[in-house]
Amino acid sequence: LIQGATCRVISGETHGTGFILAKVLVLTARHCARPAIEQGQAITLRFTLATGDVTTSAQVLDQSEELDACLLTFEQTFESTRIPLQGEVPREGSEWRSFGFPASKSDLGHRVTGKIDHVLPKPKARTDLDMTVDAVADVANYRGYSGGAVVVDGVIVGMLRYKFGGSLGAISVHALADFLKAHRLGPEDKAPAGEAKILADRDAFQQSFEGVIKENPGGYVFLQGGH
């Protein structure tokens, strides 16, 4: 599902990853399209579909240097699947996944998985999601992965930006909300009509529980109450 909504973004000597937000619209990191923005060079998108690769040109619709985000428009001649956006930041410890085109696998693409390690209250250096990478999904060179979708539980919660140390940094959909809503692309604040929330909201309990665990490493914790 993620691969079908993902494309390789090429502009001059720069390449990265992008993903479909809506028909004819792709989101990527601004630095992936910098040659087009600053030098007027062309942008090419390459989608890897079940029927074969599709290559098309694209133009910059909007961009934000502050957020390192860029919205591209292109002539879409094929059907695609859109992964919904989530406006709430993901919970620390959540499993995430993505698909992109790192330099070491720029033709085939690569799946990467890991966990949300740390969520910042506000972006620093255009990043508010610090994420670990599973060893089995690690690659030698992550250049070209920028702009990939960060997916948690079937929804997009952020966009990959860069690698630092053994972690990947991303900017959340929550931080990108105003930029996206300017083009009516913001995440839905409420579930669609007829859809009920399956799981109860237990954020308060989760935070309290994690605090107790951290204060009692190696010990026992007894719980009482309903489930």
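Side chains included, hydrogens not; waters and symmetry mates left out as well; all remaining heavy atoms used.
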**Student:** As an exercise, state the distance from OG of S64 to CD1 of I171, rounded to the nearest 0.5 Å.
**Tutor:** 7.5 Å
**Student:** With a 3.5 Å distance limit and no angle check, can you tell me whether Q63 reaches the backbone of C70 through a side-chain donor-acceptor pair?
**Tutor:** no
**Student:** Just distance, no hydrogens or angles: give the donor-acceptor pairs under 3.5 Å from side chains in residues 49-62, sequence neighbours left out.
**Tutor:**
from: D53; atom 1: OD1; to: T48; atom 2: OG1; distance (Å): 3.4
from: D62; atom 1: OD2; to: H183; atom 2: NE2; distance (Å): 2.9

**Student:** Check for a donor-acceptor pair, side chain of T14 on one end and backbone N or O of A33 on the other, with a separation under 3.5 Å.
**Tutor:** no
**Student:** Closest approach of S94 and R91, non-hydrogen atoms and distance?
**Tutor:** OG-O, 2.7 Å
**Student:** Show the numbers, then the answer: is there a side-chain contact (heavy atoms from CB on, under 4.5 Å) between W96 and V157?
**Tutor:** CA-CA 9 Å; W96 68 274; V157 300; 6.0 Å; no
**Student:** In this structure, would I83 and F47 fall into the same cluster of hydrophobic residues linked by side-chain contacts under 4.5 Å?
**Tutor:** no
**Student:** Going by atom types alone, do D117 and T132 pair a side-chain donor with an acceptor below 3.5 Å?
**Tutor:** no
**Student:** Do you know which two heavy atoms are closest between V24 and Q76, and how far apart they sit?
**Tutor:** N-OE1, 2.9 Å
**Student:** Answer yes or no: does atom CD of E38 have more than 12 heavy-atom neighbours from other residues, nucleotides or ligands under 6.0 Å?
**Tutor:** yes
**Student:** Counting N and O atoms only, with roles assigned by atom type, does the side chain of S11 sit under 3.5 Å from a partner on the main chain of A42, one being a donor and the other an acceptor?
**Tutor:** yes
**Student:** If two hydrophobic side chains count as joined below 4.5 Å and joins carry through other members, does V89 share a cluster with M131?
**Tutor:** yes
**Student:** Rounded at 0.5 Å granularity, tell me how far OG1 in T77 sits from CD in E75.
**Tutor:** 7.0 Å
**Student:** What is the distance from atom CZ of R126 to atom CG of D128, rounded to the nearest 0.5 Å?
**Tutor:** 13.5 Å
**Student:** For A69 versus L176, what's the shortest heavy-atom pair and its separation?
**Tutor:** CB-CD2, 3.8 Å
**Student:** Do R30 and E66 meet the salt-bridge criterion of a basic N to acidic O distance under 4.0 Å?
**Tutor:** no
**Student:** Supply the atom-to-atom distance T17 OG1 to L27 CG, rounded to the nearest 0.5 angstrom.
**Tutor:** 11.5 Å
**Student:** What heavy-atom pair brings F99 and R111 nearest, and what distance separates the two atoms?
**Tutor:** CD1-CG, 3.5 Å
**Student:** Count I, L, V, M, F, W, Y as connected when their side-chain heavy atoms are under 4.5 Å apart, and connections chain through other members. Are M159 and V9 then in the same cluster?
**Tutor:** no
**Student:** In terms of heavy-atom contacts, does CZ of R143 have more than 12 from other residues, nucleotides or ligands at under 6.0 Å?
**Tutor:** no
**Student:** After noting the C-alpha distance and the side-chain angles of L71 and V26, does the key distance pass the side-chain contact (heavy atoms from CB on, under 4.5 Å) rule?
**Tutor:** CA-CA 6 Å; L71 192 60; V26 160; over 6 Å; no
**Student:** In Å, rounded to the nearest 0.5 Å, how long is the span from CG of L185 to CZ of R82?
**Tutor:** 7.5 Å
**Student:** So which atom in G158 and which in V173 form the shortest heavy-atom distance, rounded to 0.1 Å?
**Tutor:** N-CG2, 3.6 Å
**Student:** Of all residues at least two apart in sequence or in a different chain, which pass the salt bridge (charged side-chain N to carboxylate O under 4.0 Å, His left out) check with E13?
**Tutor:** none
**Student:** Are more than 12 heavy atoms from other residues, nucleotides or ligands located less than 6.0 Å from atom NZ of K23?
**Tutor:** yes
**Student:** Using the rule that two of Ile, Leu, Val, Met, Phe, Trp, Tyr join whenever any of their side-chain heavy atoms come within less than 4.5 Å, decide whether I43 and I20 are in one cluster.
**Tutor:** yes
**Student:** Would you find a donor on one side and an acceptor on the other, under 3.5 Å apart, between the side chain of R46 and the backbone of I10?
**Tutor:** no
**Student:** Between E92 and H118, does any side-chain donor sit less than 3.5 Å from a side-chain acceptor?
**Tutor:** yes
**Student:** Please confirm whether the backbone N or O of H110 pairs with a side-chain atom of Y145, one donor and one acceptor, at under 3.5 Å?
**Tutor:** yes
**Student:** Closest approach of C32 and S146, non-hydrogen atoms and distance?
**Tutor:** SG-O, 3.5 Å
**Student:** Should we count CZ of R97 as having more than 12 external heavy atoms under 6.0 Å?
**Tutor:** no
**Student:** Counting only heavy atoms not in H174, do more than 12 sit closer than 6.0 Å to its NE2 atom?
**Tutor:** no
**Student:** Same cluster or not: I2 versus L21, using hydrophobic residues (I, L, V, M, F, W, Y) connected whenever any side-chain heavy atoms lie under 4.5 Å apart?
**Tutor:** yes
**Student:** With rounding to the nearest 0.5 angstrom, report the OG to CG distance, S172 to L85.
**Tutor:** 11.5 Å
